[in-house]
Structure formats: C-alpha cells, structure tokens
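Worksheet: the structure to be examined is printed underneath.
Quick note: residue numbers are just sequence positions, from 1.
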Amino acid sequence: MHNTPEASPLGKAVSYLSQYTPSLLHPILRVGKRAEIGIAEAALPFWGEDLWNAYELSWLNARGKPVVAIGTFRVPACSPCLIESKSLKLYLNSFNQTRFSSLDEVSNTITTDLSQAAGSPVKVQISPVNVLSHRHFAVPNGVLLDELDVEIDTYQPAPALLTTDSAQPPVSEWLYSHLLKSNCLVTGQPDWGMVSIRYTGQPIDRAGLLKYIISFRDHNEFHEQCVERIYMDIQQRCKPTKLEVWARYTRRGGLDINPYRSSEQTWVFDNHHEIRQ
C-alpha cells in the first residue's frame, strides 16, 4: 500500500508496539516529488541509495534475553517508494519484546519487510553492539565552504544562485558544507545535515553554491527529496559532466538518513559518520 506523507504517523501521538508488527511501515511513492523537479521515473538521471543507520535496535533471543544491535539499511534510489522515518522507528521498536532464534532471522525479517515497503531489494546489515569496537568519523576530502563571508537573504531554494565561470577550464573538485538545514515535510521540525558535492565541469561559483545550500533553511521536504532537488538544480544550472550529491543528516528517533545520488556508478562512498551523528 502506498500512502501520503500526511497519512503517516508524523506529528501524531502513537502507541509504541513491542511485538513485531510489519504493518507499521509507511511507504511513500517517490514519483510525485520527482515530477516537481523534472525527474522521469522511467529514466532516472542518477543512481544511488538512501543509507540508514539505526541505533535503537533490540529484540529477545530464544531464551528471552535482550540483544542490542546497530542496523544499516540501504534503500536503492530506483525503488518506487521511500520509507517514512517515524514509521521505521515504530517498526523497529516492535521488535523489542519479540523473540527471534538468531541474528540471521532478524536480518532476514527486516530485509523482507523493508524490501516489500520500498518496492525493491533493500540491503540490510545487523551488527551486535558488542562486536563493534569503534565508529568511523570523517569529513569529505574536499574544500569546506562554510568560512566564505557571504550575505544571506534567501531561505527557500533558489537555483538562480548557482552559476559557473565558462571562461575557465573544467575542473574536478569536491565541496562540502555543514550548513544544510531543511524541515520535515509534514511537521516542520528542523533537519540538520552536512552536504557534499563532487563534480567535474565548469567551475561552480563557491559563494553562490554556499548561498544556495543555505537557501534550504526554511524549505519543507524529506531528506531524500532535498538531495534530489539539489542534484537536479546543480545538473540543470551548472551542467557538470559528472556529479555526486551526498547528505548526512543528524540522528532523530535513533535513525540517521544519508541519501546519496551520483551520475557515476564507479564513484563509491563510505559510511563514515558526520561529527554530529
């Protein structure tokens, strides 16, 4: 079943179920928001995935003893649906008082349920906390834009801020900013993140790019939709020959969402956490 954002559990008082309930998952079709920014479902202009890290994952083993773990879920960008975040939180909490015979059973159950909700195969990795020795924190191997001294007066997405210098030869560079903020499409609650942009093409004006990133500050849209909007605006305005947009959003409800979109399947990204995650 495909649902609207307004029909999701966002912004509503809900009861937390502690017995396994897959029906809690709330898929939302991507097609509507993609149509707004000129993306045809039949020919996506990018590949990528929505990388989720789940920090509040627990269940009971066969003898009733709790197991705590961290989950990583990779939802392909080509899937018909995204999965609304609060519904995923509620779904994962429904494992709390449910007995499973093994970690593999938990992993297979989540894989089946998320794949059915997304409409495409989802990759799931479950790691018990006791086998994880540390977390990896890193910033992109590029140029931080945040120290640029710019004047800001626009807080809704403004693609016209994106310009290139056609008199200069093409470059390959990696730019990033910690100043991305958008708001939940339904509740208006703030979503904070770091956005990373790697491209090959005419040099993008860095001050204009930073102002464009900041212009999302009062914009209401889901994480995945913001990243696709940024990708399409840069592609249409700056026309790079290669482009990657990757955002790492801070954690909410025990989940962080990290959408990745790229024109290049040969470019890879690691699950290195942003410092605020």
Side-chain angles (χ1 to χ4, degrees), residues 30 33 46-57 70-77 79 82-86 88-89 92 114 118 122-125 127 132 134-148 157 173-185 189-199 204 206 209-210 212-217 219-234 242-265 267-277:
R30 299 184 191 266
K33 276 291 182 178
F46 46 65
W47 78 281
E49 61 189 19
D50 305 327
L51 169 63
W52 299 68
N53 292 302
Y55 304 96
E56 299 176 7
L57 176 58
I70 291 177
T72 300
F73 315 137
R74 297 176 181 267
V75 181
S79 64
L82 59 82
I83 299 172
E84 188 278 308
S85 60
K86 186 173 181 180
L88 179 55
K89 174 187 177 180
L92 294 177
L114 295 188
V122 174
K123 296 179 181 177
V124 172
Q125 181 178 354
S127 302
L132 296 173
H134 60 278
R135 301 177 69 201
H136 297 280
F137 292 89
V139 296
N141 184 25
V143 177
L144 178 66
L145 299 174
D146 298 351
E147 300 305 316
L148 293 174
E173 61 179 356
W174 201 337
L175 310 172
Y176 70 100
S177 171
H178 298 286
L179 302 185
L180 178 64
K181 173 195 169 286
S182 54
N183 303 315
C184 172
L185 179 64
Q189 294 182 7
D191 296 319
W192 308 92
M194 177 196 74
V195 62
S196 160
I197 296 158
R198 182 164 48 154
Y199 75 96
I204 297 175
R206 293 180 179 181
L209 177 58
L210 179 60
Y212 168 76
I213 291 167
I214 295 171
S215 76
F216 277 73
R217 197 166 180 85
H219 181 61
N220 294 350
E221 215 165 34
F222 290 143
H223 304 65
E224 302 92 332
Q225 297 162 348
C226 286
V227 168
E228 293 186 359
R229 185 177 295 275
I230 293 170
Y231 184 99
M232 293 301 293
D233 283 347
I234 294 175
K242 298 180 180 180
L243 177 62
E244 169 194 88
V245 178
W246 179 21
R248 295 200 67 99
Y249 280 89
T250 57
R251 191 185 313 183
R252 180 186 292 171
L255 298 165
D256 64 50
I257 311 173
N258 310 278
Y260 176 84
R261 303 292 186 267
S262 176
S263 63
E264 308 302 305
Q265 292 194 41
W267 287 1
V268 296
F269 69 104
D270 297 312
N271 192 17
H272 290 163
H273 302 278
E274 203 264 341
I275 191 64
R276 292 175 293 173
Q277 293 180 316

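When the side chain to side chain donor-acceptor pair (under 3.5 Å) test is applied to Ser215, no partner is found at least two apart in sequence or on another chain. The ring pair (Phe, Tyr, Trp, His ring centres under 6.0 Å) test applied to Phe216 returns Tyr212, His219, not counting sequence neighbours. The ring pair (Phe, Tyr, Trp, His ring centres under 6.0 Å) test applied to His136 returns His134, His272, not counting sequence neighbours. Listed by chain and residue number, Tyr199, Arg206 satisfy the side chain to side chain donor-acceptor pair (under 3.5 Å) test with Glu173 (two or more places apart in sequence, or in another chain). For Tyr260, the side chain to side chain donor-acceptor pair (under 3.5 Å) test picks out Glu244, with sequence neighbours left out. Lys123 meets the side chain to side chain contact (heavy atoms under 4.5 Å, CB included) test with Arg74; sequence neighbours excluded.
With respect to Ser196, the side-chain hydrogen bond (donor to acceptor under 3.5 Å, both in side chains) criterion is satisfied by exactly one of Trp174, Trp246, Tyr176: Trp174.
Side-chain contact between Val227 and Asp50 is absent, with no heavy atoms from C-beta onward closer than 4.5 Å. Annotation: side chain of Ile213 is in contact with side chain of Ile197 (closest heavy-atom distance under 4.5 Å). Side-chain atoms of Glu274 and Trp192, non-hydrogen and from C-beta on, never get closer than 4.5 Å to each other. Side-chain contact between Leu51 and Arg248: present, with at least one pair of heavy atoms (C-beta onward) separated by less than 4.5 Å. You'll find the side chain of Leu114 reaches within 4.5 Å of the side chain of Ile83, heavy atoms only. The side-chain heavy atoms of Leu175 and Leu210, taken from C-beta on, include no pair separated by under 4.5 Å. Leu179 has its side chain out of reach of Val195: every pair of non-hydrogen atoms, C-beta onward, lies at least 4.5 Å apart. Residues Ser85 and Phe222 are not in side-chain contact: their nearest non-hydrogen atoms beyond the backbone lie 4.5 Å or more apart.
We find the CG-OG1 distance between Leu180 and Thr250 to be 10.0 Å, quoted to the nearest 0.5 Å. Going from atom CG of Asn258 over to atom CH2 of Trp52 covers 10.0 Å, rounded to the nearest 0.5 Å. Of the inter-residue distances, the one linking Ser177 atom OG with Ile214 atom CD1 reads 6.0 Å to the nearest 0.5 angstrom. Going from atom CE of Met194 over to atom CD of Gln277 covers 7.5 Å, rounded to the nearest 0.5 Å. Between the CG atom of Leu88 and the CG atom of Leu82 there is a distance of 11.5 Å, given to the nearest 0.5 Å. Annotation: the span from Asn271 atom CG to Asn53 atom CG amounts to 4.5 Å, rounded to 0.5 Å.
A perpendicular orientation is assigned to the rings of Tyr249 and His223, their planes being inclined by more than 60° (bins at 30° and 60°).
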Under the side chain to side chain contact (heavy atoms under 4.5 Å, CB included) criterion, do Ile257 and Asp191 qualify, and how do the steps go?
CA-CA 10 Å; Ile257 311 173; Asp191 296 319; over 6 Å; no
Given the rule in the side chain to side chain contact (heavy atoms under 4.5 Å, CB included) test, do Cys184 and Arg252 qualify, once you have shown the distances and angles that lead to the verdict?
CA-CA 11 Å; Cys184 172; Arg252 180 186 292 171; 4.2 Å; yes
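For the residue pair Ser79 and Ala118, the shortest heavy atom distance occurs at CB-O, 3.4 Å. Looking at every heavy atom in both residues, Tyr231 comes nearest to Ser262 through OH-C, 4.0 Å. Closest approach of Leu92 and Ala54 over heavy atoms only: CD1-CB, 3.8 Å. The two atoms that bring Gln125 and Ser127 nearest to each other are NE2-OG, 3.7 Å, heavy atoms only.
Counted by atom type alone, Arg198 and Asn141 present zero donor-acceptor pairs between their side chains at under 3.5 Å.
Figure legend: cation-pi geometry between Arg261 and Phe46, with NZ or CZ positioned under 6.0 Å from the six-membered ring centre and within 45° of its axis.
At a threshold of 4.0 Å, the pair Lys89-Glu56 does not count as salt-bridged, since none of the basic side-chain nitrogens sits closer than that to a carboxylate oxygen. Ionic pairing of Glu221 and Lys33 is present here: one or more N-O contacts between side-chain nitrogen and carboxylate oxygen are shorter than 4.0 angstrom.
In Asp270, the CG atom is crowded: over 12 heavy atoms of neighbouring residues, nucleotides or ligands sit closer than 6.0 Å.
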